[in-house]
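Computed from a predicted structure; not experimentally measured.
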Amino acid sequence: GDSVTQMEGPVTLSEEAFLTINCTYTATGYPSLFWYVQYPGEGLQLLLKATKADDKGSNKGFEATYRKETTSFHLEKGSVQVSDSAVYFCALSEGTGANSKLTFGKGITLSVRP
Amino acid sequence: ETGVTQTPRHLVMGMTNKKSLKCEQHLGHNAMYWYKQSAKKPLELMFVYNFKEQTENNSVPSRFSPECPNSSHLFLHLHTLQPEDSALYLCASSHLDRKVNTEAFFGQGTRLTVV
């Protein structure tokens, strides 16, 4: 079945550092890929998405490129801020209509120190 | 109101109590979901409703009982829970489309503590 694998955490960075969070996936078809973010005490919010190979999703300075050849969707940000401290989830959606299925990775906690 | 709204935000209940969690979506979506998020565990999908019909029940104990009276509302009825059921319960909705994969939109969750 489908699966999403995220790098082990937690990750602690200093403000303005470069961020990479790895995500790889296994799917039988042509999934859409997502990154969600969960701030303390909140639900999950969609951060960015990509629906086909070579698409780049971007939002709030974060970027991720859909790489079919490596089945990856790594999240990057050039300069993190304290306010980026949160839990980040990689996810994929495969199938359409009633067969649509959303699969999440385990999530990784990012802490950014001033 | 916009998006997905969950009430209450926090709930403390005894093991013999009966309570209900409520979720409402204002996005015109046709699918709704309940997830359980426990500390240091992956997100667990509990129930899926597509077009008001339950299509998935991931081996959830019968002390959790979902109800979806229409495509905008979803309830999770709770009775005789155990302390290990304490978690953040997240509701989500999405629009199922025959042509594209779609993302889910989440509520802020209900933090449940069973004492």
- [ ] Start with the C-alpha gap between L88(B) and Q38(A), add the side-chain angles, then the distance that decides, and say whether side chain to side chain contact (heavy atoms under 4.5 Å, CB included) holds.
- [x] CA-CA 12 Å; L88(B) 182 68; Q38(A) 185 178 30; 3.6 Å; yes
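- When the side chains of ILVMFWY residues are joined at heavy-atom separations under 4.5 Å, either directly or via intervening members, Y25(A) and F34(A) end up in two distinct hydrophobic clusters.
- Contact annotation for L46(A): only side-chain heavy atoms (C-beta onward) come within less than 4.5 Å of a heavy atom of chain B.
- Heavy-atom distances place no part of R111(B) under 4.5 Å from chain A, backbone and side chain included.
- Heavy atoms from other residues, nucleotides or ligands lying under 6.0 Å from CD of E8(A) number 12 at most.
- Proximity to chain B (any heavy atom under 4.5 Å) is shown, for Q45(A), by neither the backbone nor the side chain.
- Connection of Y39(A) to F62(A) is established within a shared hydrophobic cluster, with ILVMFWY side chains joined at heavy-atom distances below 4.5 Å, either directly or through further cluster members.
- Nearest approach of G41(A) to R9(B), heavy atoms of both residues: O-NH2, 3.0 Å.
- Taking hydrophobic clusters as Ile, Leu, Val, Met, Phe, Trp and Tyr residues chained together by side-chain heavy-atom distances below 4.5 Å, Y33(B) does not share a cluster with V4(A).
- A donor-acceptor pair is defined here as one N or O able to donate and one able to accept, closer than 3.5 Å; no such pair exists between the side chain of Y36(A) and the backbone of F106(B).
- Here E103(B) contributes atom CD and L33(A) contributes atom CG; the two are 12.0 Å apart, rounded to the nearest 0.5 Å.
- Within the 4.5 angstrom heavy-atom criterion, only side-chain atoms of Q37(B), from C-beta onward, approach chain A.
- Note that the CG atom of L44(A) and the OH atom of Y35(B) stand 9.0 Å from one another [nearest 0.5 Å].
- Scanning all heavy atoms of the two residues, the minimum distance from G43(A) to L90(B) falls at CA-CD2, 3.8 Å.
- Counting heavy-atom neighbours within 6.0 Å of E69(A) CD, excluding the residue itself, gives a total above 12.
- One hydrophobic cluster, built from ILVMFWY side chains closer than 4.5 Å, holds both M32(B) and F64(B).
- Interatomic distance, F104(A) CZ to E44(B) CD, rounded to the nearest 0.5 Å: 13.0 Å.
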